[in-house]
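Notes follow the structure.
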Amino acid sequence: MPLQVDYREKQYAQGRIPNTFMRREGAPKERELLVGRIIDRSIRNLFPKGYYYESQVMSNVLCVDGEQDPDVLAACAASAALMVSDIPWNGPVGVVRIGRVEGKFVVNPDMDELALSDLNLVYAGSLEKTIMMETQAREISNNDFKLALKLAHAEAVKLIPPQIRLASKVQNQKRSFYPFTVDSDVLEKIRAKAEIAIDTVMGNPSYGKFERGKALANIQNDIEAILKEEGEEKCLKFLPVAFDQVRKEVVIKNIFEKGQRVDGRGLDEVRDLHTEINLFAPLHGSSLFSRGNTQVLCTVTLGAPEDAQKLDSLVGAPKKSFMLHYSFPPYCINEVGKSFGLNRREVGHGTLAEKALVALLPPENDFPYSVRVTSEVMASDGSSSMATVCGGSLALMDAGVPLRSHVAGVSVGLVSKVDEETGKITDYKILTDILGLEDHVGDMDFKIAGTRVGITAIQLDIKPSGIPLDILCEALEPARIGREHILDAMERTIEKPNTEEKENAPHRGYISVERDYLGKLIGPAGSTVKNIERTTGVRISISAEGRVCVLAKDKASYVQAMEMVDSILGKEIEVGNIYTGCVTAIKDYGAFVETEGGSSGLVHISELSHHKVASVRDAVMIGQKLNVMCIGRDAKGNLKFSLKAAMPSTSSVQVKCGESASTAEVGSVTANAARSVAEWGNAAPGAAKTTIGSFPVETITKSERDVLVYKFPEKRKNTSGASNKANDVVGERQEHNGSQKLHDVECERTSKPGSVSQTKGIRAEAEYELERSLRPTSVSQPKGVTTEAENELKPGNVMSNKTIEPQVVIDVEYEAIVYKVKALGAILKLRNGELGKLFFDEGITSSTFQCGDQVLVKCTKIDQTGRPVFILVDSSKQMQT
């Protein structure tokens with residue numbers, strides 16, 4: 001019937017102004033929809049059959065004291081309002097709440113008692129029958145629940161006489177109406193034409209939901225064609241209603257006479273089950289639960305405590321950290337429909353599943369995550385809300401949420417025979433796990449969810465004007481048997497919460513902070529905490545007691561955030577530990593680095609590399625992220641950091657002490673490197689006039705235990721003209737180096753730091769000589785003639801120290817050759833002759849490249865000197881040398 005029930009909670013009822021932009025109440029909230037459903041289900045079935053007049057019941061909360069939930073009072077008020085109206089309503093009803101505190105039942109408990117109660121039963125009943133039931137419990141047994149139902153019915157009956165007395169005082173005359181019914185002769189004609197065909201379809205268990213519906217539609221179309229030929233206009237008018245009535249009669253007849261259901265199952269049999277978990281690796285938890293043609297896909301998302309849903313209700317908790325959202329799209333029943341906002345049915349079914357699962361969650365102190373479960377109904381043929389309970393339990397286990405045990409749900413139906421004169425039920429059958437069709441033709445949909453221990457949630461929907469309480473109590477046992485059968489199947493898939501940490505699983509931790517230090521951690525207007533969250537991507541929540549919860553999307557982010565928190569709270573920087581920091585200032589004597597915790601220290605120029613660094617700016621740049629090791633404090637207590645101590649050392653060319661290197665090893669030019677440079681259009685500065693290096697490049701990057709130390713031969717001045725070829729110069733250098741003897745040097749480090757005559761100094765000198773050999777070689781030129789190298793050294797050219805205007809574009813890929821290899825990066829040369837920087841990281845070191853290698857790079861930015869900074873596009877894309 002066209003009945004609309006609206007329940008609204010106005011903020012003036014508790015003396016508050018709405019905290020909205022317009023300072024007005026907006027659309028109905030989730031709680032208002034749920035209370036509206038309670039009222040609707042309590043009164044709808046008492047409207048007379050055939051009454052199709054539009055009716056609306058509105059319940060506004062005018063005042064609330066915060067001690068009692070107004071939902072039960074609103075339902076009783078709706079019943080009283082209908083009693084004094086002129087609507088021919090077959091009431092009244094009594095609505096009551098039952099709780100249980102410390103094993104004792106409490107009638108209409110207040111909010112404090114309800115918080116301690118393990119039962120929250122809302123019951124609506126008439127003088128003899130039950131009309132509506134909504135329950136949330138903490139695994140209450142069937143026997144205890146039966147006692148609660150009997151108490152609830154006895155208390156609800158007490159609320160009926162006052163309403164009858166009120167109606168008698170008002171004495172409002174009930175309106176007369178003409179019920180919409182099908183004439184008996186029309187029903188008989190259609191029954192004669194359709195009953196046999198319908199029975200054939202309903203007796204065939206091979207039909208699925210859609211196949212059965214299509215076969216019945218064909219039968220109805222055939223009957224319609226026959227009635228048109230016969231000219232039965234009256235029968236055509238009532239055909240849909242009469243056909244549905246005959247179908248209902250056939251289904252009930254088969255159940256009573258044959259014990260046969262439309263899909264061939266027994267009365268207490270559950271449909272075939274199928275369960276899966278971990279369907280999508282990126283999700284925190286996921287599951288697929290199928291029962292017959294009903295299938296739901298459930299997901300679990302874990303969030304920080306502040307992700308909890310904020311509730312703006314007149315009573316109850318201000319927030320909830322466990323949410324279950326149920327979605328019933330049109331495609332799941334093979335239909336087309338529009339998607340709107342909050343749907344009452346979806347909100348009601350989702351809340352029922354939420355009540356069923358929340359009882360098994362651990363306490364918030366032990367598991368402070370905010371948890372969101374979503375249920376996407378992929379296909380529906382009855383009991384999709386109970387399938388959501390099962391799928392949600394599987395998904396929570398898959399996500400590692402420590403549920404005490406699985407929760408399952410099953411829907412129990414009822415078909416009955418009623419005495420038309422007395423209205424009493426003469427015979428009935430209870431059906432376990434009802435189909436959508438059985439829900440349609442039956443009398444009730446009794447949804448019961450729970451564990452092996454007891455019940456956690458119940459929702460009762462009925463079609464007649466009431467069902468005797470003893471039948472409902474009897475239905476609890478078939479529901480328990482069916483529930484345990486489903487639990488067996490679920491436990492075969494996953495029995496306990498997943499203990500394996502997923503790659504993308506969130507990571508959390510706690511620290512307790514004294515209240516005096518909370519301000520330091522929070523910072524002005526929360527700036528410090530926001531900076532940590534922005535830098536690491538974590539979520540930090542701080543309680544008034546000083547309990548700090550750090551929730552990160554992965555372990556790496558968590559570790560980084562905890563290091564920042566520890567540093568801010570004054571954790572001592574320990575000597576020998578490695579910290580991540582950012583270069584904040586560059587001086588001639590070193591670079592200042594600020595750690596993520598806010599501590600600053602100096603990296604002296606001698607601590608920047610294992611090799612000699614000519615200029616601090618050649619090694620680092622402002623804003624660069626570095627991993628540095630604390631090596632102590634100076635006389636004033638300032639921190640001293642070392643970059644080279646935090647990185648592996650890369651030794652130079654190695655020849656054992658006492659041995660000499662051949663002339664070819666030291667003086668020859670690397671042919672491959674020279675050839676690579678010559679192939680490029682704009683060769684490296686001086687490439688056509690001088691050699692590429694003083695010894696093979698591969699010996700520079702080779703790392704061995706014994707260190708080769710030798711002195712470099714003096715260069716022989718080249719007095720030839722500018723037209724000399726590169727190979728002539730190479731030959732001259734080889735000839736000269738062949739006559740130069742190598743001097744062995746002791747490998748012990750006995751000289752002062754910075755000396756180039758001992759091991760450390762010679763290693764730096766070897767590196768420096770490699771770089772120096774790549775620079776343009778001075779050669780004699782005729783007067784007035786300039787070389788390419790001299791041109792490049794002029795101000796404004798690429799080799800000038802002044803700021804240049806690069807021709808490269810950011811985020812564009814380029815081909816380049818490795819021009820120089822330094823300790824912390826490489827100098828690259830593009831085809832147009834422009835030079836740029838490539839900094840090394842954990843995956844790329846100085847041993848990765850050799851001079852002359854061709855690489856594919858992308859420009860990321862332009863530094864302060866105007867030079868482009870590159871990154872390697874992909875190691876797999878590195879071009880062949």
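Excluded from the calculations below are hydrogen atoms, water molecules and symmetry mates; all remaining heavy atoms, backbone and side chain alike, are included.
Listed here is the closest heavy atom pair of S126 and V157: O-CG2, 3.8 Å. Summarising the geometry of I160 relative to G125, their closest heavy-atom pair is CD1-O, 3.9 Å, with the distance given to 0.1 Å. The heavy-atom pair separating T388 from A353 by the smallest distance is CG2-CB, 3.8 Å. Here the closest heavy-atom approach between residue A13 and residue V61 is recorded as CB-O, 3.6 Å. Taking every heavy atom of both residues into account, T294 and S380 meet most closely at OG1-C, 3.9 Å. Residues P48 and P88 come closest through the heavy atom pair CD-O, 2.9 Å.
Counting only distance, with no hydrogens or angles, the side chain of E25 and the backbone of P18 share no donor-acceptor pair below 3.5 Å. Judged by distance alone, with hydrogens and angles left aside, the side-chain atoms of S321 form no donor-acceptor pair with the main-chain N or O of S370 at under 3.5 Å. Checking side-chain atoms of N172 against main-chain N and O of V84 turns up a donor-acceptor pair under 3.5 Å. Proximity of a side-chain donor or acceptor of S79 to a complementary backbone N or O of V93 within less than 3.5 Å is detected. Put simply, the side chain of N108 gets close to the backbone of R97: a donor and an acceptor are under 3.5 Å apart. Under a 3.5 Å cut-off, the side chain of D398 and the backbone N or O of S286 do form a donor-acceptor pair. Judged purely by atom type and a 3.5 angstrom limit, S117 uses its side chain to pair as donor or acceptor with the backbone of R100. Under a 3.5 Å cut-off, the side chain of W89 and the backbone N or O of A81 do not form any donor-acceptor pair. Proximity of a side-chain donor or acceptor of E354 to a complementary backbone N or O of L324 within less than 3.5 Å is detected. Side-chain atoms of N45 come within 3.5 Å of backbone N or O of I462 as a donor-acceptor pair.
Listed by chain and number, the residues in a salt bridge (charged side-chain N to carboxylate O under 4.0 Å, His left out) with R165 amount to none (sequence neighbours excluded). For E484, the side chain to side chain donor-acceptor pair (under 3.5 Å) partners are R480, not counting sequence neighbours. Among residues two or more places apart in sequence or in another chain, the side chain to side chain donor-acceptor pair (under 3.5 Å) test is passed with Q173 by none. Judged as a salt bridge (charged side-chain N to carboxylate O under 4.0 Å, His left out), and not counting sequence neighbours, E474 has no contacts. Applying the side chain to side chain contact (heavy atoms under 4.5 Å, CB included) test to E545 and every residue at least two apart in sequence or in another chain returns S543. Partners of K174 by salt bridge (charged side-chain N to carboxylate O under 4.0 Å, His left out), not counting sequence neighbours: none found. Here D65 pairs with nothing under the salt bridge (charged side-chain N to carboxylate O under 4.0 Å, His left out) rule; sequence neighbours left out.
Inter-residue side-chain proximity for M323 and E30 is flagged as unmet; no heavy-atom pair is nearer than 4.5 Å. K447 has its side chain within reach of D461: a pair of non-hydrogen atoms, C-beta onward, lies under 4.5 Å apart. Side-chain contact check for S385 versus Q459: every heavy-atom pair is 4.5 Å or farther apart. Counting heavy atoms from C-beta on, the side chains of R291 and S383 come closer than 4.5 Å. Residues P109 and V101 have side chains not in contact (no heavy-atom distance under 4.5 Å, counting atoms from C-beta outward). For the pair V358/Q136, a side-chain contact is recorded, criterion being any heavy-atom separation below 4.5 Å from C-beta on. Contact check for L283 versus V300: no side-chain heavy atoms found under the 4.5 Å cut-off. Counting heavy atoms from C-beta on, the side chains of N90 and S465 never come closer than 4.5 Å.
For the side-chain contact (heavy atoms from CB on, under 4.5 Å) with I39, the qualifying choice from V72, D71, V5 is V5, the only one to do so.
Within the structure, ring pair (Phe, Tyr, Trp, His ring centres under 6.0 Å) contacts touching residues 92-138 (residues at least two apart or in different chains) are Y123-H153. Residue pairs meeting the side chain to side chain donor-acceptor pair (under 3.5 Å) criterion with at least one partner in residues 9-18, sequence neighbours excluded, are Y7-E9, E9-R31, Q11-Q14. Screening residues 307-316 for side chain to side chain donor-acceptor pair (under 3.5 Å) gives D307-R539 as the qualifying pairs, with residues at least two apart or on separate chains.
In this structure, E67 CD and D110 CG are separated by 6.5 Å, a value rounded to the nearest 0.5 Å. One finds the CG atom of L151 at 4.0 Å from the CD1 atom of I98 (value rounded to the nearest 0.5 Å). For the atom pair CD (E32) and CG (N60), the distance works out to 9.5 Å, reported to the nearest 0.5 Å. In this structure, D443 CG and I430 CD1 are separated by 11.5 Å, a value rounded to the nearest 0.5 Å. To the nearest 0.5 Å, atoms CG (L119) and CG (L147) are separated by 11.0 Å. Put simply, CE on M132 and CZ on R44 are 13.5 Å apart, with the number rounded to the nearest 0.5 Å.
No more than 12 heavy atoms of other residues, nucleotides or ligands sit less than 6.0 Å from atom CD of E102. In R24, the CZ atom is not crowded: 12 or fewer heavy atoms of neighbouring residues, nucleotides or ligands sit closer than 6.0 Å.
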Could you list the donor-acceptor pairs under 3.5 angstrom formed between side-chain atoms of residues 361-368 and any protein atom two or more places apart in sequence or on another chain?
none

Under 3.5 Å, which donor-acceptor pairs do the side chains of residues 389-397 form with other protein atoms, sequence neighbours left out?
unit_1 : atom_1 : unit_2 : atom_2 : d
S393   : OG     : H406   : ND1    : 2.7
S393   : OG     : V407   : N      : 3.2

Q: Might you work through the side-chain contact (heavy atoms from CB on, under 4.5 Å) test for R138 and T456, ending with a clear yes or no?
A: CA-CA 5 Å; R138 299 176 188 169; T456 58; over 6 Å; no
Q) Does the pair L121 and L149 meet the rule for a side-chain contact (heavy atoms from CB on, under 4.5 Å), with working shown? A) CA-CA 8 Å; L121 166 63; L149 288 178; 4.0 Å; yes
(Q) Apply side-chain contact (heavy atoms from CB on, under 4.5 Å) to residues E139 and S405 and explain how you reach the verdict. (A) CA-CA 11 Å; E139 299 181 285; S405 64; 4.3 Å; yes
Q: For side-chain contact (heavy atoms from CB on, under 4.5 Å), just list the numbers for I542 and V513, CA-CA rounded to whole Å, side-chain angles, deciding distance to a tenth of an Å, and then say yes or no.
A: CA-CA 9 Å; I542 305 175; V513 181; over 6 Å; no
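The aromatic rings of F328 and Y326 sit parallel to each other, their planes meeting at less than 30°, with 60° as the upper class boundary.
In this structure, E155 pairs ionically with K158, as a charged nitrogen and a carboxylate oxygen lie closer than 4.0 Å. With respect to D445 and K463, no salt bridge is recorded, no charged nitrogen being found less than 4.0 Å from a carboxylate O. Contact check on E134 versus R41 returns a salt bridge, with a Lys/Arg side-chain nitrogen under 4.0 Å from an Asp/Glu carboxylate oxygen.
Between the side chains of T299 and T374, at least one donor N or O lies within less than 3.5 Å of an accepting N or O.
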